[in-house]
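As structure tokens, the structure follows; a few thoughts come after it.
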Amino acid sequence: MPYTKHCPPSCADPIKILVVDDNPADVRLIVESMKDNRIFCCISSVGSGEEFLKYMRKEDQFAFAESPDIIFLDVNMPGMNGKEALAELRNDPKLKHHVVVMLTTSTADQDILESYKLQCQAYAIKPVDLDEFKSMMEEIGDFYFNVVKVPPKKE
């Protein structure tokens, strides 16, 4: 999946979200859910673990990428999967502070346990039902953008 960016036309300092998912339909669901829930954010997306690390390290075409406030990372992707990408992120002293929510269809106990061992902040299973998905995104958005404070950006 190619790099994409969805930003509201008139928002001074939107929340910056990076979605790492190889399924364009899931990325679109996240974008639409945030819009429907009036969570004003700028959503960038990449489709692989390798692209994710390049984005975070500002390499190649991502030299001017903005540091995200939160990362939604899928577990199951071809090539470097989400857990491998998270392990790489946590091993990088400049990047390990980022908030990562595993947002996936995997209900496997092994994936959940490994993701928390790699210090994800949350593990959320994507509902199949559209209304449930939008409701879950509203709850995640409310929690991370209204309830808790995320670490400050380190550019």
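Numbers here simply count residues along the sequence, with the first being 1. Source: prediction; values computed, not measured.
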Check whether any side-chain heavy atom of [X] lies under 4.5 Å from a side-chain heavy atom of [Y], and answer yes or no.
X	Y	answer
C120	L86	yes
M56	P68	yes
E88	R57	yes
Q121	V100	yes
V46	K54	no
F145	I140	no
D69	Y144	no
F72	I43	no

Give, for atom [atom1] of [X] and atom [atom2] of [Y], the distance between the pair rounded to the nearest 0.5 Å.
X	Y	atom1	atom2	value
E51	E59	CD	CD	12.0 Å
D26	L103	CG	CG	7.5 Å
S33	K35	OG	NZ	10.5 Å
L53	S48	CG	OG	8.5 Å
L18	S45	CG	OG	7.5 Å
L118	K83	CG	NZ	8.5 Å

Closest contact, heavy atoms only, [X] versus [Y]:
X	Y	value
S106	N76	CB-ND2, 3.7 Å
G49	A85	CA-CB, 3.9 Å
M136	I125	SD-O, 3.5 Å
K58	S67	NZ-N, 4.0 Å

Please check if [X] and [Y] belong to a single hydrophobic cluster, counting links between Ile, Leu, Val, Met, Phe, Trp and Tyr side chain heavy atoms closer than 4.5 Å.
X	Y	value
Y123	L113	no
L130	V128	no
Y116	M102	yes

Donor-acceptor pair, side chain of [X] and main chain of [Y], under 3.5 angstrom:
X	Y	value
S135	D131	no
D142	E138	no
E32	R28	no
D92	K94	yes
Y55	E66	yes

| query | Just wondering, are more than 12 heavy atoms of other shown residues or ligands nearer than 6.0 Å to CG in D109? | reply |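 Atom CG in D109 is not crowded, with 12 or fewer foreign heavy atoms closer than 6.0 Å.
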| message | Exactly one of D74, N81, D21 should register a side chain to side chain donor-acceptor pair (under 3.5 Å) with T104. Which one does? | response | D74
